[in-house]
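Residue numbers begin at 1 in each chain, while the letters A, B, ... track the order of the sequences.
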2 protein chains.
Amino acid sequence: MQADNVLKRNTRQKSAIESVVLSSSDHPTALTVCERAKDMVPGLSLGTVYRVLNMLVKEGVVREISVPDAPSRFDKTTRTHAHFVCTVCGELHDVEVDEGSFLRHAKERCIGDEIDEAEILFKGLCADCKGVKP
Amino acid sequence: MQADNVLKRNTRQKSAIESVVLSSSDHPTALTVCERAKDMVPGLSLGTVYRVLNMLVKEGVVREISVPDAPSRFDKTTRTHAHFVCTVCGELHDVEVDEGSFLRHAKERCIGDEIDEAEILFKGLCADCKGVKP
DNA sequence: CTCCTTAACGATAATCGTTATCATTATCAT
DNA sequence: ATGATAATGATAACGATTATCGTTAAGGAG
């Protein structure tokens, strides 16, 4: 007997997708994960990537980062939760903020509610695009 | 002569939409704004609501709040930027956090990048849903 | 006040990321 | 090896939003 929200068979596609995400440091989209995993599993379909990615998110192995007006990014789970997106090129990276004290600060002014998590997204120009723009 | 990103004619639909947003304190979606504005402008279409709402966002009169896996919410512009969404009922409200010091904190660890804005979304159970859930 | 230009409208098709469906394939306990 | 069925790939469907386009109506000129 097994938990019913977990994949029950090991497949080439699942391990390919998992290894791509675990070895990527650039927060790829589902489409990018699919392209990369196709090196190992040629006929891989985007639907399967989404399905497996969602499983991995449920399992806590992978994290999904929602970006307004852009496809979600996927990343191996680490402590960090804050991110920075470049509004020009779309590049996205972690920001190591002290989320703990910020959450505590927020909870103090949300009496009654139960805050479970915080999504923090900074927007602006990345170092590269800043340099290019006059 | 006028700026070319601004509506140039006063219409019943624009003033209805604007007055609905300005008088709503519950962060309505475009669909909700449309329903409410229909009291004043019966045949109002959702496409027009989106068009006008986007204009108002550009003008800075209205703010758009992106919510993952849910339609955007619209709100009259005030100082606050942080929000709380209930993962059960979808209720959304402002959270008065000290965003200034948090932004300063973040900028210190994003050397090279230019942070223009922060989107901060807390997720959890609102007071009502917390009470209902055993 | 009427006419005329054209901004803005309503209806509807299109887009895009993501999810659901479903017949086919392939995993793995027997 | 075989069979039950989980997982796949292809494709249709979805929901939020945007674009298109023929029609309507602001609002300035006469």
Side-chain angles (χ1 to χ4, degrees), chain A residues 1-21 27-35 37-59 62-75 85 90 92 121, chain B residues 1-21 27-35 37-59 62-74 85 90 92:
Chain A
M1 179 179 168
Q2 294 225 25
D4 60 324
N5 57 342
V6 177
L7 296 176
K8 298 186 182 87
R9 288 178 187 175
N10 293 333
T11 63
R12 296 180 305 123
Q13 16 284 79
K14 178 182 176 177
S15 45
I17 291 163
E18 188 163 357
S19 82
V20 164
V21 177
H27 308 268
T29 63
L31 185 61
T32 305
V33 171
C34 188
E35 284 162 356
K38 268 182 183 161
D39 291 346
M40 308 176 209
V41 186
L44 184 62
S45 89
L46 186 55
T48 298
V49 173
Y50 272 110
R51 197 180 326 112
V52 172
L53 244 23
N54 287 341
M55 291 287 189
L56 295 174
V57 167
K58 242 185 250 170
E59 290 173 26
V62 162
R63 184 196 315 147
E64 177 176 358
I65 306 155
S66 301
V67 185
D69 305 315
S72 284
R73 317 285 285 252
F74 295 86
D75 189 28
V85 238
L92 187 151
L121 186 66
Chain B
M1 175 166 179
Q2 292 226 26
D4 60 325
N5 57 343
V6 177
L7 296 176
K8 298 185 183 86
R9 286 179 188 173
N10 294 332
T11 62
R12 295 179 307 124
Q13 17 285 85
K14 179 182 175 175
S15 46
I17 292 163
E18 187 163 357
S19 83
V20 164
V21 177
H27 307 267
T29 63
L31 186 61
T32 305
V33 171
C34 188
E35 284 161 357
K38 269 182 182 160
D39 290 347
M40 309 176 208
V41 186
L44 185 61
S45 90
L46 186 54
T48 299
V49 173
Y50 273 109
R51 197 180 326 113
V52 171
L53 243 22
N54 288 340
M55 292 289 190
L56 295 174
V57 168
K58 243 184 251 172
E59 290 175 26
V62 162
R63 184 196 316 149
E64 177 174 359
I65 305 155
S66 300
V67 185
D69 306 314
S72 284
R73 318 283 286 249
F74 295 87
V85 237
L92 187 151

Nearest-nucleotide wise, let me know which of B:Gln13 and B:Leu46 is further upstream toward the 5' end of DNA chain D. B:Leu46
So A:Leu56 and A:Lys14, side chain to side chain contact (heavy atoms under 4.5 Å, CB included) or not? Walk me through it. CA-CA 9 Å; A:Leu56 295 174; A:Lys14 178 182 176 177; 4.1 Å; yes
Is there a donor-acceptor pair closer than 3.5 Å between any side-chain N or O of A:Arg73 and the backbone N or O of A:His27? yes
Is there a side-chain contact between B:Thr48 and the phosphate of C:dG10, meaning an N or O under 4.0 Å from OP1 or OP2? yes
In whole angstroms, how far is the C1' atom of C:dT25 from the CG atom of A:Leu44? 15 Å
Does any donor-acceptor pair link the side chain of A:Arg51 with the base of D:dT8 at a separation under 3.5 Å? no
Between B:Ile65 (CD1) and D:dA16 (P), how many Å, whole number? 17 Å
Counting any heavy atom closer than 4.0 Å, what does B:Asn54 reach on the DNA or RNA strands: base, sugar-phosphate only, or nothing? sugar-phosphate
Taking side chain as C-beta onward, heavy atoms only, is B:Arg12 less than 4.5 Å from B:Leu44? no
Assign B:Gly47 to base, sugar-phosphate, or nothing according to its heavy-atom contacts below 4.0 angstrom with the strands shown. nothing
Phosphate OP1/OP2 of C:dG17 contacted by A:Thr29 side-chain N/O (<4.0 Å): no
For a quick test of reading the model: is some side-chain N or O of A:Ser45 closer than 4.0 Å to OP1 or OP2 of D:dT11? no
Base, sugar-phosphate, or nothing: which does A:Ser72 touch, judged by heavy atoms less than 4.0 Å apart? sugar-phosphate
Distance check needed: C:dC16 P versus B:Tyr50 OH, whole Å only. 17 Å
Between P on D:dA6 and CZ on A:Arg9, what's the gap in Å once rounded to a whole number? 6 Å
Looking at side-chain heavy atoms only, is the closest gap between A:Pro68 and A:Leu121 below 4.5 Å? yes
No-hydrogen, no-angle side-chain donor-acceptor test under 3.5 Å, B:Gln13 and B:Thr48: no
Within the structure shown, what part of the strands sits under 4.0 Å from B:Leu31 by heavy-atom distance: base, sugar-phosphate, or nothing? nothing
Whole angstroms only, please: what is the CG-C1' distance between B:Asp69 and C:dA20? 15 Å
Separation of D:dA16 C1' from B:Leu53 CG (nearest whole Å): 13 Å
Mind checking who C:dT30 pairs with, Watson-Crick or G-U wobble, both distances under 3.5 Å? D:dA1
When rounded to whole Å, the NZ to C1' distance for the pair B:Lys14 and C:dA7 reads 12 Å
Rounding to a whole Å, what distance do you find between B:Lys8:NZ and C:dA8:C1'? 11 Å
